[in-house]
Q: 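My questions will all concern the structure given below.
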2 protein chains.
Amino acid sequence: MSSVTVAPPAVVRDTASQILDVAERLVQSRGFNDVSYADIAVELGVTKPSLHYHFRSKAALGDALIARYSARFFEQLDRIEADVVGVRARLDAYVGIYAAVLAAGRMCLCGILAAEYQTLPEKMRSAVLDFFDRNEAWLERILDESSRDTAKLIIDTLEGAVMIARAQNDSDRFDRVAERLVSSVVPGVADPR
Amino acid sequence: MSSVTVAPPAVVRDTASQILDVAERLVQSRGFNDVSYADIAVELGVTKPSLHYHFRSKAALGDALIARYSARFFEQLDRIEADVVGVRARLDAYVGIYAAVLAAGRMCLCGILAAEYQTLPEKMRSAVLDFFDRNEAWLERILDESSRDTAKLIIDTLEGAVMIARAQNDSDRFDRVAERLVSSVVPGVADPR
DNA sequence: GTCTATAACGAGATAGAC
DNA sequence: GTCTATCTCGTTATAGAC
């Protein structure tokens, strides 16, 4: 009789995913151009050619990084829209995504890639722009008012706040700025904390 | 009789300044780690060792870049404080500095260095943090209200807005966000444009 | 001050064995 | 799918002539 196909151990991901995990963390910390195949290989205990087997070029690795990051990011936005009620609460949840990134000592992947924009391959550039467009579209949708500039203001402030608070190693700064931002956008009650 | 010492031609700067000029533009476009001595040497029509004569190491070049950029930046802030009257007008002038950077297709030097923060030598890190601290202090001083978080909100938003508008090649986006930002901080009249 | 020449290293990438 | 070995190129930096 044939053996039954069982699910693999939940904690051990396939190699490609493990590569993406390490690469994502390193890129969000140092930037795409300051992460090498050698850095990733050492952490995983494999050699550089092994990485090239899974991602032919560094550009291909970059493409895969943004694709996975974006997919997960917008899944979170879908969940917020489905589970959270009210503009203020939804914005707080949105801010929470950025706060979690900062708490991990990282920048938003597409934020740090935006800073490196001029040095990126064309496909990565488009994917970065797409990330911001979709963020903006989501914010416009959940905001009650019609001003599209509010969505841009929110994105720009949060991306800048993460970048600077990370350099200052001061997550409290991020929290205070985000509170002031959200309060100015949704003039209702103050932060319930 | 001895010859009179005349002022050098105004347009031709000394070599060290010329190196800083080219390096500054390249770093504000691509980031510190993506600018090489070779890039700078080619533009100036000199060789790499010539650059090393003026700036022993790349870290020393980076230190000099931030020092000059900061000095000029805070000179501008001094001038605004001396020549411009009123919170709104001063903030508009402050925003104008960032708008000019964006118009040149650049990021704020310390903004792009903040994104690269984890890879910078220690002295450059301190200088970057100092830049933001002094910006914050200046904003707190010219603002009428006591909220220090407002100063942080302004810096973070402008830095993020420059970063993203540059990637999107959309300076109009920057202008609209900045207008919304300043209006929310100084609830007086709308943009006089 | 600027040059030629070169050292010493790390990058991304490929060939081919296992 | 992962390895060893290697290639080619770019990087910062230095020695020493002019």
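In what follows, every chain begins at residue 1, and chains take the letters A, B, ... in the order their sequences are listed.
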Q: Report yes if a side-chain nitrogen or oxygen of A:Y53 is closer than 4.0 Å to either non-bridging phosphate oxygen (OP1 or OP2) of D:dG1; otherwise report no.
A: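 True: A:Y53 side-chain N/O within range (under 4.0 Å) of D:dG1 OP1/OP2.
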Q: Let me know the distance between NZ of A:K58 and P of C:dT14, rounded to the nearest Å.
A: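 A:K58 atom NZ is separated from C:dT14 atom P by 15 Å.
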Q: Tell me whether the guanidinium CZ or amine NZ of A:R134 lies under 6.0 angstrom from the six-membered ring centre of A:F74 and within 45° of its axis.
A: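 Yes; both conditions hold, so A:R134 lies above the ring face of A:F74.
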Q: Please determine whether the number of non-hydrogen atoms from other residues, nucleotides or ligands lying under 6.0 Å from atom CG of A:D78 exceeds 12.
A: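 Atom CG in A:D78 is packed in, count exceeds 12.
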Q: Taking atom C1' of D:dT2 as reference, at what distance in whole Å does atom CD of A:Q18 sit?
A: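 Nearest whole value for this atom pair: 14 Å.
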Q: A:S36 has a side chain; which of C:dA11, C:dG1, C:dC3 sits nearest to it?
A: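 Comparing C:dA11, C:dG1, C:dC3 against the side chain of A:S36, the answer is C:dA11.
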Q: Using whole Å, report how far CD1 of A:I40 lies from C1' of C:dA13.
A: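 Whole-Å distance recorded here is 14 Å.
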Q: Starting the side chain at C-beta, find the nucleotide from C:dA11, C:dG12, D:dT11 nearest to A:Y37.
A: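 Nearest to the side chain of A:Y37 among the choices is C:dG12.
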Q: Tell me the interatomic distance from A:R56, atom CZ, to C:dG12, atom P, rounded to whole angstroms.
A: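 Whole-Å distance recorded here is 17 Å.
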Q: Do the side-chain N or O atoms of A:T47 get closer than 4.0 angstrom to the phosphate oxygens (OP1, OP2) of D:dT2?
A: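 Checking D:dT2 against A:T47, no side-chain N or O comes under 4.0 Å of OP1 or OP2.
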Q: Rounded to whole Å, please give me the gap between NE2 in A:H52 and P in D:dT4.
A: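 Nearest whole value for this atom pair: 15 Å.
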Q: Rounded to the Å, how far apart are B:K48 NZ and C:dA7 P?
A: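 After rounding, the reported distance stands at 14 Å.
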Q: Are any of A:H54's side-chain N or O atoms less than 4.0 Å away from OP1 or OP2 of D:dT2?
A: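 For D:dT2, OP1 or OP2 has a side-chain N or O of A:H54 closer than 4.0 Å.
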Q: Let's see if you can work this out: which of D:dA15, C:dT14, C:dA11 has an atom nearest to the side-chain heavy atoms of A:P49?
A: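 Selected nucleotide (nearest to the side chain): C:dT14.
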Q: Distance check needed: C:dA11 P versus A:L61 CG, whole Å only.
A: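 My rounded result for the distance is 14 Å.
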Q: Pick the closest DNA chain C nucleotide for B:V46 and for A:N33 by heavy atoms, then say which residue is nearer the 5' end.
A: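 Result: B:V46.
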Q: Should we count CZ of B:R148 as having more than 12 external heavy atoms under 6.0 Å?
A: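 Count not over threshold, so no.
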Q: Indicate if A:V27 and A:Y69 have the same hydrophobic cluster label, given that clusters are the connected sets of ILVMFWY residues with side-chain heavy-atom separations under 4.5 angstrom.
A: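 Yes; A:Y69 is reachable from A:V27 via cluster members.
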Q: Using a cut-off of strictly less than 4.0 Å, decide whether B:S50 has a side-chain nitrogen or oxygen near OP1 or OP2 of C:dG1.
A: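 Checking B:S50 against C:dG1: no side-chain N or O falls below 4.0 Å of OP1 or OP2.
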Q: Would you kindly give the CG-to-C1' distance between A:L51 and C:dG12, to the nearest whole Å?
A: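 For the pair A:L51 CG and C:dG12 C1', the rounded distance is 11 Å.
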